[in-house]
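Following: one structure in structure tokens, then a few remarks.
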Protein chains: 2
Amino acid sequence: MPNLTDYIEDYLKKLLALSSSQYIEIKRRELAGKFSCVPSQINYVLERRFPLERGYLVQSRRGGGGCIRIYRIETLRNGSWRDLIDSLDRLSFDLGRARQLVKRMVEDKIISRREAAILDQLLREDLYLLTSLNSEELRLLLRELFVNALQELLKIEY
Amino acid sequence: MPNLTDYIEDYLKKLLALSSSQYIEIKRRELAGKFSCVPSQINYVLERRFPLERGYLVQSRRGGGGCIRIYRIETLRNGSWRDLIDSLDRLSFDLGRARQLVKRMVEDKIISRREAAILDQLLREDLYLLTSLNSEELRLLLRELFVNALQELLKIEY
DNA sequence: AGTGTCAAAGGTCAGAGAAGGTCAAATAAT
DNA sequence: ATTATTTGACCTTCTCTGACCTTTGACACT
């Protein structure tokens, strides 16, 4: 026999599944109204059913126009990001794919915009012009630097 | 779910981005009119969204022909660190000093632990062993990568 | 030139209202 | 008995408005 918390959890997860973006936005009061409960019930549900460990990130803003955002950090849990990085390592590494990966990781909130900025700088070919590296050497070096940086980065919690 | 303040902030930041100079000039009354709000709302937006700590400087003149100027500037904190970075650039760059700088920036909360982790990886000499770089070439490359990454990083707000 | 007045800016501040957050106590489930 | 849920009183943050204040420049008057 499901309880209120279960119903609200299901509802939010359905919304997330339907959403075309990586997150949903809710109004605490409204949602509480829909389920005829006190607003703080929503906090309880978020705390219990949408913790970071389970792959959710909750952010909120108070005041007029405030709201709660729930992000799905889908691939963080099963470690598929690490697999992706490893595949970059083993298979052909190229700049385009690396940059693409950085972009997606930002979108999925795996890394921050600032972290992405460093990685993007690292991938700037022109910075390496002053060296005598040939293009294959450069590719291997970039791969080494990029993959390593990313692996270390993901070891540390936000 | 954006509110009035968000809209006005966006509008002003777009103007700033489009502007060819370091600042934009607005008329408080006019702007308030455009967004159908009271003039003091503009002050509120400036106070909340364009404070010095975030790299904005707001000046104004009262009276006939008065107006408000919003400058995009570098924050003091970033500025003094940037000087340090530049000095690393011009003077002798070496790994020890670079690592030390990273450490101090973390302590001063200019950069995060994760950001530091990427920079530290970048400074790992052993990653460059697979290349044919001699030690002076390596030093120059590291300097280039490091200084560039840091400079880009400081351009982005947390 | 000096002064007074007025209108046209912009500035300040307090208060109302609109969210969301916390925490402890009561209740229900296991 | 212990853990999970639910509620409600109280708190903090953010936004918006309106009444009232200050500064500046133009112009008229001496």
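Both backbone and side-chain heavy atoms feed into the values below; hydrogens, waters and symmetry mates do not.
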A:Tyr7 OH to D:dT6 P, in whole Å, measures 11 Å
How do A:Tyr44 and A:Ser40 order along DNA chain D: which one's closest nucleotide is nearer the 5' end?
A:Tyr44
Is any side-chain N or O of B:Arg28 under 3.5 Å from a base N or O of C:dG11, one able to act as donor and the other as acceptor?
yes
In whole angstrom, what separates B:Arg69's CZ from C:dG10's C1'?
15 Å
Can you tell which of D:dT5, C:dA19, C:dG11 lies closest to the side chain of B:Ser60?
C:dG11
Considering every strand and a 4.0 Å limit on heavy-atom distances, what is the contact class for A:Ile8: base, sugar-phosphate, or nothing?
nothing
Are any side-chain N or O atoms of B:Arg99 and backbone N or O atoms of B:Leu123, one a donor and one an acceptor, separated by less than 3.5 Å?
yes
Protein-nucleotide distance (A:Asp6, atom CG; D:dT5, atom P), rounded to Å
7 Å
Roughly how many Å is it from CG in B:Asn3 to P in C:dA19, rounded to a whole number?
10 Å
If you compare every side-chain N and O of B:Lys27 against the phosphate oxygens of C:dG10 (OP1, OP2), does one of them come in below 4.0 Å?
no
Given C:dG10, D:dC16, D:dT15, which nucleotide is nearest the side-chain atoms of B:Gln41?
D:dC16
Would you indicate whether B:Arg49, at its atom CZ, is surrounded by more than 12 heavy atoms from other residues, nucleotides or ligands within a distance under 6.0 Å?
yes
With DNA chain C as reference, determine whether A:Ile68 or A:Gly64 sits nearer its 5' end, using the nearest nucleotide of each.
A:Gly64
Side-chain contact check for A:Arg61: nearest option of D:dG25, C:dT12, D:dT15 is D:dT15
Show your working on side-chain contact (heavy atoms from CB on, under 4.5 Å) between B:Phe50 and B:Lys13 and close with a plain yes or no.
CA-CA 9 Å; B:Phe50 294 85; B:Lys13 289 194 168 160; 3.8 Å; yes
Could you tell me how far apart A:Glu30 (CD) and C:dG20 (C1') are, to the nearest whole angstrom?
13 Å
Without decimals, in angstroms, what is the distance between B:Ile42 CD1 and C:dT12 P?
15 Å
Decide whether a cation-pi geometry holds between A:Arg139 and A:Phe93; the criteria are a distance under 6.0 Å from NZ or CZ to the six-membered ring centre and an angle within 45° of the ring axis.
no
Could you state the CZ-C1' distance from A:Arg48 to D:dT6, rounded to the nearest angstrom?
13 Å
Within this structure, what is the CG-CZ distance for the pair B:Leu127 and A:Phe146, rounded to the nearest 0.5 Å?
14.0 Å
Rounded to whole angstrom units, what separation is found between the CD atom of A:Glu9 and the C1' atom of D:dA4?
13 Å
Looking at D:dG8, C:dT22, D:dT17, which one has an atom nearest to any side-chain atom of B:Cys37?
D:dT17
The nucleotide from C:dG21, D:dT17, C:dG10 with an atom nearest the side chain of A:Arg62 is C:dG21
Quick check on D:dA4: is either OP1 or OP2 less than 4.0 Å from any side-chain nitrogen or oxygen of A:Thr5?
no
